[in-house]
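Pasting in a structure now, in structure tokens, and then I'll have a few things to ask.
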Amino acid sequence: GAGVSQSPSNKVTEKGKDVELRCDPISGHTALYWYRQSLGQGLEFLIYFQGNSAPDKSGLPSDRFSAERTGGSVSTLTIQRTQQEDSAVYLCASSLGVGELFFGEGSRLTVL
Amino acid sequence: AQSVTQPDIHITVSEGASLELRCNYSYGATPYLFWYVQSPGQGLQLLLKYFSGDTLVQGIKGFEAEFKRSQSSFNLRKPSVHWSDAAEYFCAVGGMDSSYKLIFGSGTRLLVRP
């Protein structure tokens, strides 16, 4: 596609429910990142996929968070048993490994 | 450990005045450094990047940044700020030692007085 596509753009869920956020990176980009941006906060690194290497999961805040990348392309970030503190904008970005990250518009998650 | 510090949460400047946004990084090897801008309601856009070579790098929209290894800094500058520069600015660091994973600072929000 022309850019990084994320869905849904907005998600409202109830505390305790599971949510899935999807990222479709730019075709051919080997690196894919998930970041979280809470209100008034910076970009918190969550997870990083680079080619066929094992993902760097060092930023995932708890074991309720997981992500996978299928076929080196589309990625899904899953949050289980959502909590109110999970409310944030989840940003996906892709790149050709070194250099400019191209960001999606983000998925805004609100946990009631 | 890989980290970025942006010590100024907010900065206010008058239109036409000069600007400097501070960024300090921690990285064990040669860093790759970036500045991104996030305008209200928009996504993040790359302003400039440093990989190697000339330590003064030019970016888009009239911005420049200088890499100072001795100070572990990569400050962003602009000689004359325009009202449209009001946005949030993020510094980021990565490199070969961390498989090019990018870590961002907490951001600096720039307000421009007319």
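Chain A is the first sequence line, chain B the second, and so forth, proteins listed ahead of strands; every chain is numbered from 1. All values reported here derive from a predicted model rather than from experimental measurement.
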Practice prompt. Would you indicate whether B:Leu56, at its atom CG, is surrounded by more than 12 heavy atoms from other residues, nucleotides or ligands within a distance under 6.0 Å?
Written response: yes
Worksheet item: Are A:Phe49 and A:Leu43 connected in the hydrophobic side-chain network, where two residues link if heavy atoms are under 4.5 Å apart?
Response: no
Discussion item. More than 12 heavy atoms of other residues, nucleotides or ligands under 6.0 Å from CD of A:Glu85: yes or no?
Written reply: yes
Practice prompt. Give, for atom OH of A:Tyr48 and atom CD1 of B:Ile103, the distance between the pair rounded to the nearest 0.5 Å.
Written response: 10.5 Å
Discussion item. Count I, L, V, M, F, W, Y as connected when their side-chain heavy atoms are under 4.5 Å apart, and connections chain through other members. Are B:Tyr27 and B:Leu48 then in the same cluster?
Written reply: yes
Worksheet item: Side chains of B:Gln38 and A:Gln37: do they bring a donor and an acceptor to under 3.5 Å?
Response: yes
Worksheet item: Is B:Tyr50 linked to B:Tyr89 within one hydrophobic cluster, defined over Ile, Leu, Val, Met, Phe, Trp and Tyr using a side-chain heavy-atom separation of less than 4.5 Å?
Response: yes
Worksheet item: Does any heavy atom of chain A fall under 4.5 Å from the side chain of B:Gln6, the backbone, both, or neither of them?
Response: neither
Fill in: A:Glu100 vs B:Tyr36, side chain to side chain contact (heavy atoms under 4.5 Å, CB included): CA-CA, chis, key distance, verdict
CA-CA 10 Å; A:Glu100 181 176 0; B:Tyr36 281 81; 4.2 Å; yes
Worksheet item: So which heavy atom on B:Lys101 is nearest to which on A:Ser58, and how close?
Response: NZ-OG, 3.4 Å
Worksheet entry | B:Phe104 ring center within less than 6.0 Å of A:Tyr35 ring center | yes
Worksheet entry | Interatomic spacing from CD in B:Gln42 to CZ in A:Phe103 - rounded to 0.5 Å | 14.5 Å
Discussion item. Apply side chain to side chain contact (heavy atoms under 4.5 Å, CB included) to residues A:Phe102 and B:Leu44 and explain how you reach the verdict.
Written reply: CA-CA 8 Å; A:Phe102 292 83; B:Leu44 284 109; over 6 Å; no
Item to complete: Against chain B, work out which of A:Leu101, A:Asp56, A:Leu91, A:Val89 has the most heavy-atom pairs shorter than 4.5 Å and name it.
Response: A:Leu101
Worksheet item: Has A:Arg108 got more than 12 heavy atoms of other residues, nucleotides or ligands less than 6.0 Å from its CZ?
Response: no
Discussion item. Let me check something: do B:Val37 and B:Leu110 share a hydrophobic cluster, defined by ILVMFWY side-chain heavy atoms less than 4.5 Å apart, either directly or through other members?
Written reply: yes
